[in-house]
Amino acid sequence: MRKILVANRGEIALRIMRTARKMGIQTVAVYSDVDRHAPHVKFADEAVHIGPAPSSESYLVMDKIIQAAKDTGAEGIHPGYGFLSENGEFAQKVTRSDITFIGPRPHAIEVMGNKLAAKEAVKAYDIPMVPGVDKAISDVTLAQKIADEIGYPILIKAAAGGGGKGMRIVDQSASLKEQMERAISEAQSAFGDGSVFIEKYVGSPRHIEIQVLADTHGNVVYLFERECSVQRRHQKVVEEAPSAVLTPEIRKNMGEAAVRVAEACDYVGAGTVEFLLDENKNFYFLEMNTRLQVEHPVSELITGIDLVEQQIKVARGEKLSFTQEDLKIQGHALEIRVYAEDPMEDFLPSIGTLSTYKRPEGEGIRLDDGFEEGMEVPIYYDPMIAKLITYGASRDEAIQKMISAIDNYHIEGIETTLSFGKYVCQHPAFISGDFDTHFVKKYWSKEIYDEGLKAEKQIAARIALHHYLESQKKVVVANTLESNWKTNRS
Amino acid sequence: MGHYLVTVSDTPIEVNTDTLDQLDAISQGNNSYHVIADQKAYRAKVLDAKGKQLSVNVNGNLYEVTIADANDQMVKAMGLLEASAQKINDVQAPMPGLIVSIKVSPGQTNAKDDKLIELSAMKMENLNHAAGEGVVKSIHVKEGDAVDKGQVIIEME
């Protein structure tokens with residue numbers, strides 16, 4: 001493979017191209033009207049314009065992307081994450097056009113893309129699952145009976161779901177009927193598929209996932225876990241590897257279970273098996289993501305393995321050059337997703353021009369981004385503009401590096417989740433490792449945050465006023481007034 | 001001299017110039033200061049100053065500061081009086097985004113919690129619900145329009 005097309009934009013497109021270039025592979029970018037100035041377009045060896053800004057008319061149009069690959073002679077297509085990365089039909093079409101799809105086979109994408117089909121597939125592989133039903137259910141009486149058996153609270157989930165849509169927690173049988181009807185209607189409008197199923201609701205869960213890697217020769221390894229419990233709107237904001245709470249024994253059990261999930265769908269390439277971990281450290285299979293994850297860098301830093309390089313090698317038909325025994329965890333890595341969102345306003349989107357954009361630099365700091373100063377953050381795509389990753393010998397060191405990296409990352413023109421990231425890094429619950437997916441609900445509010453900054457704001461007010469008054473003096477008269485402010489520069 | 005109203009990233013703080021002189025701050029040159037307050041150490045730096053608008057970094061956090069003297073405060077108070085004449089139940093965009101759909105039309109009476117407009121940005125959808133009962137006077141946007149946060153999109157009677 002001497003040339004690949006990256007069917008994506010932003011930080012991930014750039015990140016994939018960097019590895020490709022390192023491997024001596026030519027890169028092709030695709031871009032919409034609003035992305036002409038984007039770094040991924042400037043970095044690539046070739047770039048193909050694929051249409052207007054809305055992704056439904058550009059980054060999601062399979063035929064345009066495949067045509068771009070054909071026109072440029074690209075031998076492989078890397079889908080990144082999001083967009084077409086988990087679309088079995090796209091993988092199929094790419095393969096049929098005699099282009100290598102850098103990812104799993106269409107079958108694995110389809111099976112794991114549906115929660116019920118995924119459960120069915122892994123059934124025979126001894127994978128721990130949350131107690132519940134494994135088929136779609138619409139009959140309320142039957143649902144009542146099952147819910148009584150599992151015990152409340154229960155969770156209603158959409159089979160085709162994701163991102164928390166169509167999800168409902170039910171505390172008692174009296175409200176089951178109403179909640180089920182709502183979940184079905186929500187799932188129908190969000191995914192065009194109203195199938196829902198019932199599971200036991202895990203009270204204070206941690207979200208822990210295992211990175212797996214499989215070649216086409218039957219070898220599957222796991223690259224340990226990522227802890228992704230700090231979330232807002234069911235989407236991750238802070239991730240780390242390893243988790244602060246897994247014992248070597250649980251890690252091994254989860255890793256081996258993840259390998260079995262991969263085997264259950266004949267997985268090829270890099271994938272992620274997501275688990276829930278309850279307060280008693282029991283783990284349950286949640287789903288498998290059949291693509292490169294946003295948070296893959298933390299695994300790269302603790303294992304020393306470039307996952308994109310591995311994806312490309314596997315796609316070329318190469319055997320994995322290492323075994324499970326060769327893999328060791330070294331140090332600790334932490335990632336903050338920098339979203340163009342205002343954490344003070346319920347994490348609503350914040351759009352604008354990056355009037356200031358200064359990257360933090362230093363040892364142990366990795367910044368995967370796709371923006372430059374002066375660029376506008378477009379309203380059409382995902383709000384994530386960058387990922388700030390730090391690495392240290394210990395968890396404490398990684399956290400401290402993150403705090404100073406955030407302090408040295410200057411973004412003006414939009415609000416971002418950096419302030420939230422710093423808050424998390426300084427929060428006792430996060431520092432101790434004792435937190436779950438309810439972190440935001442339990443500990444985050446504008447009021448709490450403002451309270452913590454009260455003293456700093458007082459200082460800012462006085463320093464600013466002092467500065468202003470001094471500058472006025474300089475204008476009006478020569479500085480003859482005696483000031484109580486001491487100076488160490490006489 | 002005297003009283004100033006200093007707004008630090010949306011928080012109004014009253015500062016008297018007398019108390020300013022009691023602050024234990026040493027200038028380190030280059031607009032940097034080392035401050036001790038209640039035994040706590042703060043490193044502050046004025047990054048940008050345009051008259052009464054300043055950016056100040058304290059311990060790594062950036063604050064936008066606006067200074068208002070007695071005169072400014074009076075002008076602002078008058079402005080507020082005028083602004084309050086504008087109806088409070090006009091519907092503003094809760095976030096920047098694209099208008100996906102408009103669920104009401106001029107002349108229509110809506111009840112509390114009725115869906116008014118659907119707004120989308122960065123894959124996130126936001127449905128704006130009526131805060132109370134009202135009659136739609138005019139709609140300032142059409143489907144597909146881009147709006148800024150706080151922009152008035154529906155005017156009520």
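We name chains A, B, ... by the order of the sequence lines, and we start the count at 1 in each one. All values reported here derive from a predicted model rather than from experimental measurement. Only this structure's heavy atoms are used, side chains among them; waters, hydrogens and symmetry mates stay out.
- For Lys454(A), no part lies near chain B; criterion is any non-hydrogen pair under 4.5 Å.
- With a 4.5 angstrom heavy-atom cutoff, Ala121(B) touches chain A via backbone and side-chain atoms both.
- Contacts between Asn57(B) and chain A at a heavy-atom distance below 4.5 Å involve the side chain alone, from C-beta outward.
- The cationic group of Arg232(A) does not satisfy the cation-pi geometry with Phe420(A), failing either the under 6.0 Å distance to the six-membered ring centre or the 45° limit from the ring axis.
- Put simply, the side chain of Thr353(A) does not reach to within 4.5 Å of the side chain of Ile414(A), judged on heavy atoms.
- The parts of Val8(B) that come within reach of chain A are both its backbone and its side chain, each placing non-hydrogen atoms under 4.5 angstrom from that chain.
- Salt-bridge annotation for Arg233(A) and Glu341(A): present, with a side-chain N of the basic residue lying under 4.0 Å from a carboxylate O of the acidic one.
- If you measure heavy-atom distances from Ile13(B) to chain A, the contacts under 4.5 Å come from the side chain alone.
- Under the 30°/60° scheme for interplanar angles, the aromatic rings of Tyr409(A) and Tyr357(A) are found to stand perpendicular.
- Comparing Asp382(A), Ile379(A), Asp450(A) by heavy-atom pairs within less than 4.5 Å of chain B, the highest count is held by Ile379(A).
- Only the side chain of Glu345(A) comes within contact range of chain B, judged by heavy atoms closer than 4.5 Å.
- Note on ring orientation: taking the six-membered ring where Trp is involved, the planes of Phe83(A) and Tyr59(A) are parallel (angle under 30°, cut-offs 30° and 60°).
- Neither the backbone nor the side chain of Ile406(A) comes within contact range of chain B; no heavy atom of the residue lies under 4.5 Å from a heavy atom of that chain.
- Between Leu354(A) and Glu373(A), every side-chain heavy-atom pair lies at or beyond the 4.5 Å cut-off.
- Between chain A and the residues Lys52(B), Lys149(B), His34(B), the largest count of heavy-atom pairs under 4.5 Å involves Lys52(B).
- When only modelled atom types and interatomic distance are considered, Asn61(B) and Lys422(A) share a side-chain donor-acceptor pair under 3.5 Å.
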